[in-house]
Protein chains: 2
Amino acid sequence: MPTPTGRPPRISRAEILAAALRVIEEDGVGTLTMRRLAREVGTTAMALYHHVRDKEELLLLLLDDYAAGLPRPDLPEDPRERVVTAAMAMHEAVSGCPWAVDVLRADDLLSVGALWYPERIVDAAVRAGLTVEDAVDAYRIIWHYTAGEIAGRAAARRRRQEGGTTYRERAFAELDAEEFPRLSEVAGRWEELTARDTYAKGVRALVDGLLR
Amino acid sequence: MPTPTGRPPRISRAEILAAALRVIEEDGVGTLTMRRLAREVGTTAMALYHHVRDKEELLLLLLDDYAAGLPRPDLPEDPRERVVTAAMAMHEAVSGCPWAVDVLRADDLLSVGALWYPERIVDAAVRAGLTVEDAVDAYRIIWHYTAGEIAGRAAARRRRQEGGTTYRERAFAELDAEEFPRLSEVAGRWEELTARDTYAKGVRALVDGLLR
DNA sequence: AGCAGTTTCTATACATGTATAGAAAGTAGC
DNA sequence: GCTACTTTCTATACATGTATAGAAACTGCT
């Protein structure tokens, strides 16, 4: 299409994304609303919907740009360690993105800018001896774990901020020690036990189990 | 408190939960709004908030009841298989709950009625030779994987229903075969490759890796 | 210039979760 | 019975994402 038709646009997707990023960086992801964003770009909320399908897509595009700009880590030669390193890089990339949690409802990663991660993971898994099919399975399993871990960790953080009685706390409070001996044993230490970062442990176990 | 004070309640939490369950079963979880629920119970939306902190807690309580009513499977003697079986039961329990996805933003399972699952998993992990601390880690890693898998699967299902171009499809369409050889190789078969249920494979790998 | 077609933008409206203020309906002490 | 207090409920309001209808601004054709 050499000559475009129709009313000429006053705003572009890129402009919207840039403004969104600005808002997020300045005032946090919680303040990013379509109306606020529109104000920032100098238009109305509904005008944004011509450049972006919905808010979820907006955040996805943002995540995409973000991931595309990250440095790719060097990967070790050993295939097993390669998978672990790539997975941890993926985890770090997504964790570092404050709005990622709202988009994590994806069955797999993801988007143009983030394809590096699945590519490396699948490739390393094949090098480790898996068939391509198994390698794809492995990647998706790792992704599910990664997404679940990040979502969980984000929820925990939010809960700690908001304060108030956790539903879990109540569950632990009325815990029957006879019926649930193990949980009773650790109930008092739960907060402490679950504060540690166990992601690496998890991927290592996963990779060990998957590549054998 | 033998004699209660204050205006006597016209509705109870149990009543609300029952009505909510009825609405979900009859018209789907998508139609469950606070106003609809209030109408069903014969009160106003805001009145519900005296019996339930917010909608999330409502769904959590519902999930709790649901999980509490499920039959507990027999667990095999072998500790490793025991963990796998308990995890799969947990997965099945949560998957079977249509509204669970909206509540899955929890850092760990969960609630009074569902404590059976973590108890069994931690216990089996200890029997398999882990310390209590490691067993708790193992349980949470399994939970993160489980939650991520369910959320992903739900997102995929939704996307299939709604139709329209997936973001992923677009990503695959403009895929550079030189930069991403592995992904290009499987791009055409992605839908087929990711349709299979890989949860069992994942937990098995995870348990293998964790219990060694 | 005028008409048709296309794209972008504006105005308005709606459903939703939930905050807030205050009314209603009880109990206990006097 | 009256007042103080407590709990529950009602009315109203607001921010949010987004649907819908139509106006506005452009191109190309006649």
Side-chain angles (χ1 to χ4, degrees), chain A residues 1-17 19-20 23-24 27-62 99 101-103 105 155 158-159 161-164 167, chain B residues 1-17 19-20 23-24 27-62 99 101-103 105 155 158-159 161-164 167:
Chain A
M1 284 205 202
T3 52
T5 174
R7 177 174 176 170
R10 310 178 57 150
I11 53 176
S12 67
R13 176 180 275 194
E15 215 173 327
I16 294 175
L17 292 179
V23 170
I24 288 179
D27 299 330
V29 64
T31 70
L32 183 71
T33 70
M34 298 308 272
R35 286 170 175 85
R36 163 81 192 273
L37 185 53
R39 209 184 323 131
E40 210 83 15
V41 186
T43 179
T44 67
M46 288 316 293
L48 301 174
Y49 285 83
H50 271 262
H51 304 86
V52 150
R53 191 206 305 256
D54 52 19
K55 195 181 178 186
E56 180 171 338
E57 190 187 65
L58 177 79
L59 293 173
L60 214 54
L61 290 165
L62 231 42
W99 64 92
V101 187
D102 303 317
V103 192
R105 331 161 123 274
R158 219 183 17 173
R159 205 114 24 130
Q161 274 184 350
E162 289 179 3
Y167 195 66
Chain B
M1 282 207 205
T3 51
T5 174
R7 177 173 175 169
R10 310 177 58 148
I11 54 177
S12 67
R13 175 180 275 193
E15 215 173 326
I16 293 174
L17 291 179
V23 171
I24 287 179
D27 299 330
V29 65
T31 70
L32 182 72
T33 70
M34 298 306 274
R35 285 171 175 83
R36 163 81 192 274
L37 184 53
R39 210 184 321 132
E40 210 84 12
V41 187
T43 181
T44 66
M46 288 316 293
L48 301 174
Y49 285 82
H50 272 264
H51 303 86
V52 150
R53 190 207 303 257
D54 52 20
K55 197 182 178 185
E56 181 172 335
E57 190 188 66
L58 177 78
L59 292 173
L60 214 55
L61 290 165
L62 231 42
W99 64 92
V101 188
D102 303 316
V103 192
R105 331 162 120 275
R158 219 183 18 173
R159 206 116 20 133
Q161 274 184 350
E162 289 178 3
Y167 195 67

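The structure displayed is predicted, hence computed values, not measured ones.
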Legend entry - Axis-to-axis angle between the two ends of the helix from C:dA1-D:dT30 to C:dC30-D:dG1 (five base pairs per end, rounded to 10 degrees):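 Overall, the helix from C:dA1-D:dT30 to C:dC30-D:dG1 bends by 30° from one end axis to the other.
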
Legend entry - Neighbours of DNA chain C within residues 28-41 of chain A, by heavy-atom distance under 4.0 Å: A:Arg35

Inset, instruction - State the CG-NZ distance between B:Leu60 and B:Lys55, to the nearest 0.5 angstrom. - result: 13.5 Å

Rounded to whole angstrom units, what separation is found between the [atom1] atom of [X] and the [atom2] atom of [N]?
| X | N | atom1 | atom2 | value |
| --- | --- | --- | --- | --- |
| A:Ile16 | C:dC9 | CD1 | C1' | 12 Å |
| B:Arg10 | D:dT7 | CZ | C1' | 14 Å |
| A:Ile11 | C:dC9 | CD1 | C1' | 8 Å |
| B:Leu48 | D:dA11 | CG | C1' | 15 Å |
| A:Leu58 | D:dG17 | CG | C1' | 12 Å |

Inset, instruction - Grab the two heavy atoms, one from B:Val52 and one from B:Asp54, that are nearest each other, plus how far apart they are. - result: CG1-O, 3.0 Å

Can you pull every protein N or O that's under 3.5 Å from an N or O on nucleotides 19-24 of chain D?
unit_1 : atom_1 : unit_2 : atom_2 : d
D:dA24 : N3     : A:Arg7 : NH1    : 3.3

Legend entry - Residue pairs involving residues 5-16 of chain B (criterion salt bridge (charged side-chain N to carboxylate O under 4.0 Å, His left out); sequence neighbours excluded):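 Those involving residues 5-16 of chain B are B:Arg13-B:Glu57.
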
Legend entry - Within-4.5 Å side-chain heavy-atom neighbours: A:Asp27 and A:Leu32: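 Contact flag for A:Asp27/A:Leu32 side chains = no.
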
Legend entry - Main-chain N/O of B:Val29 paired to B:Trp99 side chain as donor or acceptor, under 3.5 Å: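 Flag not set: sc B:Trp99 to bb B:Val29 has no pair under 3.5 Å.
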
Legend entry - B:His51 (side chain) donor-acceptor with B:Ile16 (main chain) under 3.5 angstrom: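 Not at all, since once roles are kept as given, no pair shorter than 3.5 Å links the two residues.
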
Inset, instruction - For D:dT27, take OP1 and OP2 only and decide whether either is under 4.0 Å from a side-chain N or O of A:Thr5. - result: no

Donor-acceptor contacts, no H, no angles, side chain residues 37-49 of chain A, under 3.5 Å, sequence neighbours left out:
unit_1  : atom_1 : unit_2  : atom_2 : d
A:Glu40 : OE1    : A:Arg36 : NE     : 3.1
A:Thr44 : OG1    : A:Ala47 : N      : 3.4

Give every pair of a protein N or O atom and an N or O atom of nucleotides 28-30 of chain D that lie under 3.5 Å apart, one pair per line with the distance.
unit_1 : atom_1 : unit_2 : atom_2 : d
D:dG28 : OP1    : A:Thr3 : OG1    : 3.3

Inset, instruction - Taking only the side-chain heavy atoms of A:Thr44 (C-beta and beyond), determine which of C:dA11, D:dC9, C:dG26 contains the nearest atom. - result: C:dA11

